[in-house]
Amino acid sequence: MLAGFTRDEVLHEALVSLRQARVGCADTQVYARPDWYQILTPSFREGGFNEVSFARLGDHEVEAVIDATFAQYAAQGLRFRWTVTPDCRPLDLADRLARRGLRSERVVVLAAAIDALQIPEAEGVTVERVGLDTVELHAEITARGWNVDPAPLLAFQRSVLADPTDDRNFFFLARRHGEPIGIGNYTALPRSAFLIGAVVLEDHRSRGAYRSLLAARVRHAAARGLKLVTTHARATTSAPILTRLGFVPVVELPVFFNR
């Protein structure tokens with residue numbers, strides 16, 4: 001048990017509930033059915049909002065579906081990812097994708113009881129919640145940190161912040177002595193918080209800003225009454241940091257990228 005959640009319930013929050021709550025862009029196309037979940041967003045050419053996150057396919061159709069999916073993204077010149085979760089089928093889906101020559105990365109689903117976290121924050125770093133007045137700065141730092149085009153990011157973030165009905169997507173900006181140096185976001189699900197999108201500019205890494213961004217988001221989620229926090233973290237970068245801070249590995253996922 002973790003914050004009153006069983007392992008299966010934690011996985012449901014980090015995988016299924018997240019898919020159901022995901023907010024897209026104005027041009028996002030969602031393909032959702034009981035055996036499939038996919039999003040395609042032409043404006044995000046370099047990744048983000050282009051993903052297959054669930055596939056439960058029969059042996060008789062899997063190769064044809066893979067072919068069609070690759071062709072769909074290729075037709076628009078989009079970078080996309082394909083995440084293979086424990087409930088995906090066939091069981092050798094990851095092997096089939098690997099044989100196609102896709103680049104792969106190990107991602108760890110991590111979780112923590114919010115009340116149990118004690119995160120040391122960095123001296124000189126402040127973290128603020130982003131509003132329409134600072135959203136351009138947030139998009140700029142995000143784009144610099146991930147080396148992507150800021151224009152589609154800004155359009156998406158503005159639409160979320162301008163939506164009076166959206167009370168679940170939150171953006172945060174970190175500053176060191178007033179200088180913007182990093183960002184972190186999270187989605188408030190009905191039963192848990194999901195951390196997403198944290199990045200610190202290269203010259204400011206390994207000095208505590210990541211921890212401060214984490215602490216600010218966890219505090220915000222706790223204030224909403226949430227008890228569980230989950231995330232998907234790269235196995236070689238953020239996952240070890242989060243584990244040292246009290247997060248528990250739940251499952252490792254193979255994630256494939258077409259470039």
Side-chain angles (χ1 to χ4, degrees), residues 17-32 37-53 73 76-81 83 125-176 178-190 192-202 204 209-210 212-221 223-224 226 229-233 238 257:
S17 294
L18 179 65
R19 288 196 296 263
Q20 295 170 346
R22 191 155 190 178
V23 174
C25 304
D27 62 335
T28 296
Q29 302 163 39
V30 179
Y31 303 89
Y37 191 89
Q38 175 195 3
I39 54 176
L40 185 150
T41 308
S43 60
F44 274 73
R45 303 190 62 79
E46 295 304 315
F49 297 102
N50 287 291
E51 179 183 15
V52 176
S53 58
Y73 287 110
Q76 302 199 46
L78 301 175
R79 181 176 185 265
F80 76 95
R81 66 183 182 182
T83 300
V125 174
T126 58
V127 179
E128 64 200 63
R129 185 174 159 191
V130 171
L132 286 170
D133 57 333
T134 52
V135 67
E136 288 190 31
L137 191 54
H138 182 280
E140 176 192 338
I141 299 300
T142 306
R144 287 170 59 189
W146 292 116
N147 192 29
V148 296
D149 181 4
L153 285 168
L154 180 58
F156 165 69
Q157 292 162 1
R158 274 183 171 157
S159 69
V160 171
L161 292 170
D163 182 356
T165 67
D166 190 303
D167 187 34
R168 63 187 183 191
N169 294 286
F170 303 96
F171 310 122
F172 294 82
L173 176 70
R175 301 178 190 261
R176 175 170 278 119
E179 178 186 357
I181 61 168
I183 63 91
N185 313 317
Y186 92 91
T187 297
L189 304 174
S192 65
F194 183 82
L195 304 177
I196 188 171
V199 66
V200 176
L201 297 182
E202 188 171 3
H204 295 273
Y210 183 87
S212 294
L213 281 162
L214 177 62
R217 289 177 288 167
V218 168
R219 275 197 304 271
H220 192 277
R224 292 177 61 93
L226 298 175
V229 57
T230 68
T231 192
H232 299 175
S238 52
F257 299 85

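All values reported here derive from a predicted model rather than from experimental measurement.
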Heavy atoms of V127 and A216 approach each other most closely as CG1-CB, 3.5 Å
Please report the closest heavy-atom contact between A162 and L132, naming both atoms and the distance. N-CD2, 4.3 Å
Taking 4.0 angstrom as the limit, do E202 and R144 come out as a salt bridge? no
Between the main-chain N or O of E46 and the side-chain N or O of D149, is there a donor-acceptor pair closer than 3.5 Å? no
How many angstroms lie between atom CZ of F172 and atom CZ of R217, to the nearest 0.5 angstrom? 8.0 Å
Does the R224 side chain pair with the main chain of A193, one donor and one acceptor, at a distance under 3.5 Å? no
Sequence neighbours excluded, the answer for ring pair (Phe, Tyr, Trp, His ring centres under 6.0 Å) partners of F80 is F70, Y73
From Q157 CD over to E136 CD, what is the distance, rounded to the nearest 0.5 angstrom? 10.5 Å
How close do A233 and S238 get, counting heavy atoms only, and between which atoms? CB-OG, 3.3 Å
With rounding to the nearest 0.5 angstrom, report the CD1 to CG distance, I183 to L213. 7.5 Å
Where is the tightest heavy-atom contact between P180 and L137, given as atom of each residue plus distance? CG-CD2, 3.6 Å
Do E51 and R81 meet the salt-bridge criterion of a basic N to acidic O distance under 4.0 Å? yes
Is a donor on one side and an acceptor on the other found under 3.5 Å between the side chain of R45 and the backbone of Q76? yes
Distance-only, no hydrogens or angles: does the D163 side chain make a donor-acceptor pair with backbone N or O of L161 under 3.5 Å? no
Less than 4.5 Å apart, any side-chain heavy atom of Y31 and any of L40? yes
Hey, what do you get for OG1 (T142) to CG (L153), rounding to the nearest 0.5 Å? 6.0 Å
Quiz item: cation-pi between R168 and F194, 6.0 Å / 45°: no
Closest non-hydrogen atom pair, G24 against F49: CA-CE2, 4.1 Å
Kindly give the heavy-atom pair with the smallest separation between L226 and A188, and that separation in Å. CD1-CB, 4.1 Å
side-chain hydrogen bond (donor to acceptor under 3.5 Å, both in side chains) filter on N169, not counting sequence neighbours, yields D166, T187
Could you measure the distance from the CG atom of L189 to the CZ atom of R22? Nearest 0.5 Å is fine. 12.0 Å
Got a second to check how far L18's CG is from H232's NE2, nearest 0.5 Å? 6.0 Å
Criterion side chain to side chain contact (heavy atoms under 4.5 Å, CB included) on Y186 and V229, from CA distance to verdict: CA-CA 10 Å; Y186 92 91; V229 57; over 6 Å; no
Test item: F156 and T41 side chains (from C-beta on) under 4.5 Å apart, heavy atoms: no
